[in-house]
Novice: 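Would you mind keeping the following structure in view while I ask a few things?
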Amino acid sequence: QVHLVESGGGAVQSGGSLRLSCAASGFPYRSFCMAWFRQAPGKQREAVARINADSTTTYADSVKGRFTISQDNAENTLDLQMNSLKPEDTAIYYCAAAPQYYDGSYHCYDYSFWGQGTQVTVSS
C-alpha cells in the first residue's frame, strides 16, 4: 500500500525558510517520478517542483531560484527546501508520485499517489 507522509510545514514570516519532507513507502520509489504540488484557498492545485529518476528537476516559474527539490533514494524521502518565502506561497503542500517510463528519456504518467498535505503559511 502506497504511503506518502509530509512533514515540515508551519508558519513563517516573509523572507523566511522552511523545509518540507515526504516519507514514501509501499512502492518501488526509484521507478516513480516525485513532485511537490500546492493548493491555495480558492485556487487550483499547481505543480511546484518535480524530480525524475535521473534527478532531472523542473520548477514552476513562481518558485525558480527560491525552492529546491531533492530526494534520497536510499531513504525513500523527498524534500523541498523553500527560501525567500512570500505570502503568495501560502498553501497546502502535497507530495505526489507517478509511475515513470523510459524511452531514451524519462517520462511520468499521471500523479496518482498523494500525501495528506502540510500547511505552509507565510505572513507579511
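Throughout, residue positions are numbered sequentially from 1 according to the sequence presented. Every heavy atom of this structure was used, including side-chain atoms; hydrogens, water molecules and symmetry mates were not.
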Novice: Verify side-chain contact (heavy atoms from CB on, under 4.5 Å) between Phe27 and Leu4, making sure each step is shown before the conclusion.
Specialist: CA-CA 10 Å; Phe27 63 98; Leu4 298 171; 3.9 Å; yes
Novice: Met82, Ile92: one ILVMFWY side-chain cluster at the under-4.5 Å cut-off?
Specialist: no
Novice: Within the side chain of Tyr101, is there an N or O that forms a donor-acceptor pair under 3.5 Å with the backbone of Tyr109?
Specialist: no
Novice: Between Ala49 and Leu80, what is the shortest heavy-atom contact and its length?
Specialist: CB-CD1, 4.2 Å
Novice: Angle between ring planes, Tyr94 versus Trp114, binned at 30° and 60°: parallel, tilted or perpendicular?
Specialist: perpendicular
Novice: Could you pull out all residues at least two apart from Lys43 that satisfy salt bridge (charged side-chain N to carboxylate O under 4.0 Å, His left out)?
Specialist: none
Novice: To check you understand the geometry: which heavy-atom pair defines the closest contact between Ser14 and Ser124, and what is its length?
Specialist: CB-CA, 4.1 Å
Novice: How far apart are the C-alpha atoms of Ser17 and Arg19, what are their side-chain angles, what is the distance that settles it, and do they pass the side-chain contact (heavy atoms from CB on, under 4.5 Å) test?
Specialist: CA-CA 7 Å; Ser17 298; Arg19 187 176 185 88; over 6 Å; no
Novice: For Glu75, does the CD atom have more than 12 heavy-atom neighbours from other residues, nucleotides or ligands under 6.0 Å away?
Specialist: no
Novice: Does CD belonging to Gln39 count more than 12 external heavy atoms closer than 6.0 Å?
Specialist: yes
Novice: So Arg66 and Asp89, side-chain contact (heavy atoms from CB on, under 4.5 Å) or not? Walk me through it.
Specialist: CA-CA 11 Å; Arg66 300 188 298 121; Asp89 294 318; 2.7 Å; yes
Novice: When hydrophobic residues are tied together by side-chain contacts of less than 4.5 Å, even through go-betweens, does Tyr106 share a cluster with Met34?
Specialist: no
Novice: What distance separates Ser70 OG from Leu78 CG, expressed to the nearest 0.5 Å?
Specialist: 7.0 Å
Novice: Does Phe67 form a side-chain contact (heavy atoms from CB on, under 4.5 Å) with Trp36? I'd like the steps, not just the answer.
Specialist: CA-CA 11 Å; Phe67 290 12; Trp36 288 96; over 6 Å; no
Novice: Are the side chains of Ser7 and Thr118 in contact, using a 4.5 Å heavy-atom criterion?
Specialist: no
Novice: Can you tell me how far the SG atom of Cys33 sits from the CD1 atom of Ile51, to the nearest 0.5 Å?
Specialist: 10.0 Å
Novice: Looking at every heavy atom in both Gln116 and Val5, which two are closest together, and how far apart are they?
Specialist: OE1-CA, 3.8 Å
Novice: Aromatic rings Phe37 and Tyr111: how do their planes relate, parallel, tilted or perpendicular, breaks at 30° and 60°?
Specialist: perpendicular
Novice: Taking atom types as modelled and ignoring hydrogens, do the side chains of Gln81 and Asp79 form a donor-acceptor contact shorter than 3.5 angstrom?
Specialist: no
Novice: Rounded to the nearest 0.5 Å, what's the gap from CD on Glu6 to OH on Tyr93? Could you check?
Specialist: 12.5 Å
Novice: So does Asn73 have more than 12 non-hydrogen atoms from other groups sitting under 6.0 Å from CG?
Specialist: yes
Novice: Of the non-hydrogen atoms in Val63 and Val48, which two are nearest, and what is the gap between them?
Specialist: CG2-O, 3.6 Å
Novice: Verify, without hydrogens or angle tests, whether Tyr59 (side chain) and Ile69 (backbone) share a donor-acceptor contact under 3.5 angstrom.
Specialist: yes
Novice: Disulfide bond (SG atoms under 2.5 Å apart): which pairs involve residues 40-85, sequence neighbours left out?
Specialist: none
Novice: Regarding Asp61 and Lys64, does a basic nitrogen lie under 4.0 Å from an acidic carboxylate oxygen?
Specialist: yes
Novice: Nearest 0.5 angstrom please: Cys22 SG to Gln71 CD, how far?
Specialist: 10.5 Å
Novice: So, the side chain of Thr90 versus the backbone of Val122: is there a donor-acceptor pair under 3.5 Å, distance only?
Specialist: yes
Novice: Let me see the working for Asp54 and Thr56 under side-chain hydrogen bond (donor to acceptor under 3.5 Å, both in side chains), right down to the final yes or no.
Specialist: CA-CA 6 Å; Asp54 62 355; Thr56 300; 2.8 Å; yes
